[in-house]
Protein chains: 2
Amino acid sequence: MTALHHLRANAVILSVADEQPRVMTLPGTSALPAGDLVDDQDATLELALRRLVREQAGIDLGYVEQLYTFGDQARSPTGRTISIAYLALVDAGLAPAGREAAWLDCYQLFPWEDWRSGKPEIIDQELVPALERWVGDSALRRERVDITFGLSGSPWDGARVLDRYELLYEVGLVAEKGVDSGETVAGQVGVAMVSDHRRMVATGLSRIRGKLSYRPVIFELLSETFTLHQLQRVVEALAGVRLHKPNFRRLVERGGLVEGTGVAEQKTGGRPAELFRFRREVLRERPAPGVGLPSAR
Amino acid sequence: MTALHHLRANAVILSVADEQPRVMTLPGTSALPAGDLVDDQDATLELALRRLVREQAGIDLGYVEQLYTFGDQARSPTGRTISIAYLALVDAGLAPAGREAAWLDCYQLFPWEDWRSGKPEIIDQELVPALERWVGDSALRRERVDITFGLSGSPWDGARVLDRYELLYEVGLVAEKGVDSGETVAGQVGVAMVSDHRRMVATGLSRIRGKLSYRPVIFELLSETFTLHQLQRVVEALAGVRLHKPNFRRLVERGGLVEGTGVAEQKTGGRPAELFRFRREVLRERPAPGVGLPSAR
DNA sequence: TGTCTATTACTCGATGTGAGTATTAATAAT
DNA sequence: ATTATTAATACTCACATCGAGTAATAGACA
């Protein structure tokens with residue numbers, strides 16, 4: 001009745017710095033913090049993961065949620081390895097770097113996901129041609145490609161990060177194994193990661209993009225106080241789209257998500273902005289408080 | 001590097017019959033279909049689960065998605081057991097019963113979740129008093145109870161099924177272990193299930209309630225064709241609320257989710273209703289097509 | 001012919017959303 | 001001091017959607 005399995009936990013730790021979403025890796029590698037779940041000293045899996053990250057990267061995680069459990073046979077040649085992936089969000093200000101942790105730009109992993117300066121050129125130049133070849137005259141493939149990549153009049157759905165990654169993987173455009181460095185491989189798009197770690201990051205980005213509009217997770221990535229401009233930049237970085245400033249401010253203020261502190265700060269050369277903080281009471285007032293991206297409904 | 005673990009897969013198989021959401025159990029028990037993940041004959045975990053359900057309950061699952069991985073130490077006294085739970089949706093018409101599978105009414109498990117005939121009496125009569133005692137004068141507990149159960153002016157959020165179950169578990173109102181029959185236990189609310197299976201069902205119900213409004217999952221529970229009335233009843237059963245008929249039809253028709261077949265059927269004694277079918281093209285047209293419940297935004 | 005059931009049509013106000021434009025406040029350079 | 005710069009703040013407006021209510025209609029059955 002007892003089975004032998006290789007059981008691991010992986011951490012997708014995201015933060016936003018310099019208007020770029022980034023994921024923590026172990027220094028010198030393109031691997032996520034991960035470890036075997038071997039001893040039973042932790043009461044819950046989540047606590048085991050927190051301990052693991054503390055030991056490997058030297059930080060105490062705040063927000064943590066379970067992402068997905070990966071267990072396909074193809075993942076390892078000798079027997080099945082089960083990996084339970086977790087998503088963590090950390091404030092860029094508190095995030096360590098250097099000997100303990102390195103940070104990898106998410107849009108180097110998924111260049112097609114950043115639409116902040118318009119549609120990424122890689123889509124029409126590299127992805128679409130390869131996808132079209134793969135489609136051939138299959139109606140099923142046609143529909144799938146149209147939906148996941150917003151072709152043939154379908155809208156681009158920012159939250160389908162994972163769908164797109166999985167499709168590109170099937171098509172053979174993204175590599176998963178046999179790559180230890182963070183280099184780009186010929187014939188492949190984006191920077192690869194060890195094993196299926198890039199797929200885990202895609203899962204995490206999908207999750208958080210979807211969650212942005214109905215849970216106030218964004219504040220996990222910001223300090224206690226922040227300007228509305230900073231808040232908008234962080235949302236834009238994660239969502240991968242530019243937002244209309246007046247509407248964003250209206251949404252977030254009138255929506256009761258933030259409250260001003262009265263204090264003004266910021267020495268960016270222009271007019272100092274007021275500092276805001278997350279308004280916790282919104283949780284009691286609205287069923288699904290989030291920042292609401294365009295066409296995300 | 002290799003760890004010994006007890007690894008299992010569980011299936012939360014939902015369907016709606018007679019306007020009641022129900023979950024499949026093994027006949028004579030209050031246990032979900034489940035099994036050890038021991039051999040590596042399946043390429044993916046999901047395939048392993050499908051085979052397991054086929055062997056145990058004799059049905060081939062259609063829609064399947066991974067739910068959550070449970071691995072808290074408290075689950076088993078001797079070493080950790082990891083359970084990967086999956087959610088499956090089956091058409092009530094195709095669902096088997098009898099020797100192979102039994103069906104358990106979800107609202108017997110969670111009587112407080114069915115608001116179709118108004119607020120369930122159990123909430124004010126049993127839950128709230130116990131919750132209030134548990135809160136005491138802790139502001140943290142106060143906030144949590146208010147949000148999860150819609151107290152002190154907070155709205156009731158249908159999708160928080162799991163939050164409510166977990167809170168009731170902490171408070172001691174729902175039992176998890178040592179109960180093999182489906183009977184109600186003194187001092188406890190709702191029908192218990194084996195081990196943490198009821199928690200898995202709560203997770204599944206939470207997931208599908210949340211998903212209703214942005215993914216057309218509801219059609220997995222219906223036959224190829226159906227009347228709008230049937231569709232509404234199934235949505236109401238899952239969501240646990242009554243819906244405004246004219247608005248529902250407008251939403252679902254003008255939203256492009258269904259299309260008429262021209263065929264009229266139904267011999268319920270009144271005017272025959274037109275049969276509709278799911279309109280697949282909506283997937284290409286809208287980013288997040290769903291049935292949109294009231295205040296679900 | 002009447003009754004029942006359920007479909008179908010219409011209205012109306014409140015709210016939210018996307019988009020655009022204008023104004024103001026403070027800092028830094030000249 | 002004055003001006004340019006940067007960004008915050010304020011306002012408008014059309015449009016779609018939503019919640020809620022009311023009314024009319026079509027067919028089956030007794």
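The structure displayed is predicted, hence computed values, not measured ones. Labels below follow one simple rule: chain letters A, B, ... track the order of the sequence lines, proteins then strands, and each chain is numbered from 1.
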In this structure, how many angstroms lie between the P atom of D/dG27 and the CG atom of B/Leu275, rounded?
15 Å
What is the distance from CD of A/Gln232 to C1' of D/dT9, rounded to the nearest Å?
13 Å
Would you call B/Asp157 and A/Arg215 a salt bridge, using N to O less than 4.0 angstrom?
yes
Using whole Å, what does the distance between atom P of nucleotide C/dT8 and atom CG of B/Leu228 come to?
7 Å
Among B/Tyr107, B/Trp156, B/Phe110, the one residue meeting ring-ring contact (aromatic ring centres under 6.0 Å, His included) with B/Trp115
B/Trp156
Does any residue of residues 244-252 of chain A have a heavy atom under 4.0 Å from DNA chain C, and if so, which ones, in number order?
A/His244, A/Pro246, A/Asn247, A/Arg250, A/Leu251
Rounded to whole Å, the CD-C1' distance (A/Gln230 to D/dT6) equals 15 Å
Rounded off to whole Å, could you give me the CZ-to-P distance for the B/Arg242 and D/dG19 pair?
17 Å
Return the value, rounded to whole Å, for the distance between atom CZ of A/Phe226 and atom C1' of D/dA8.
16 Å
A/Phe276 CZ to D/dA7 C1', straight-line distance once rounded to whole Å
13 Å
Rounded to whole angstroms, how far apart are CZ on B/Arg254 and C1' on C/dT7?
14 Å
Using the test salt bridge (Lys or Arg N to Asp or Glu O under 4.0 Å), find all partners of B/Glu281 that sit at least two apart in sequence or belong to another chain.
none
For the backbone of B/Ala264 and the side chain of B/Glu274, can you confirm whether one donor and one acceptor N or O come within less than 3.5 Å of each other?
no
Only pairs at least two apart or in different chains count here, so list each salt bridge (charged side-chain N to carboxylate O under 4.0 Å, His left out) that has a residue in residues 230-250 of chain B.
B/Glu19-B/Arg233, B/Arg233-B/Glu236, B/Glu236-B/Arg242
Could you tell me whether the side chain of B/Thr261 and the main chain of B/Leu275 form a donor-acceptor pair under 3.5 Å?
yes
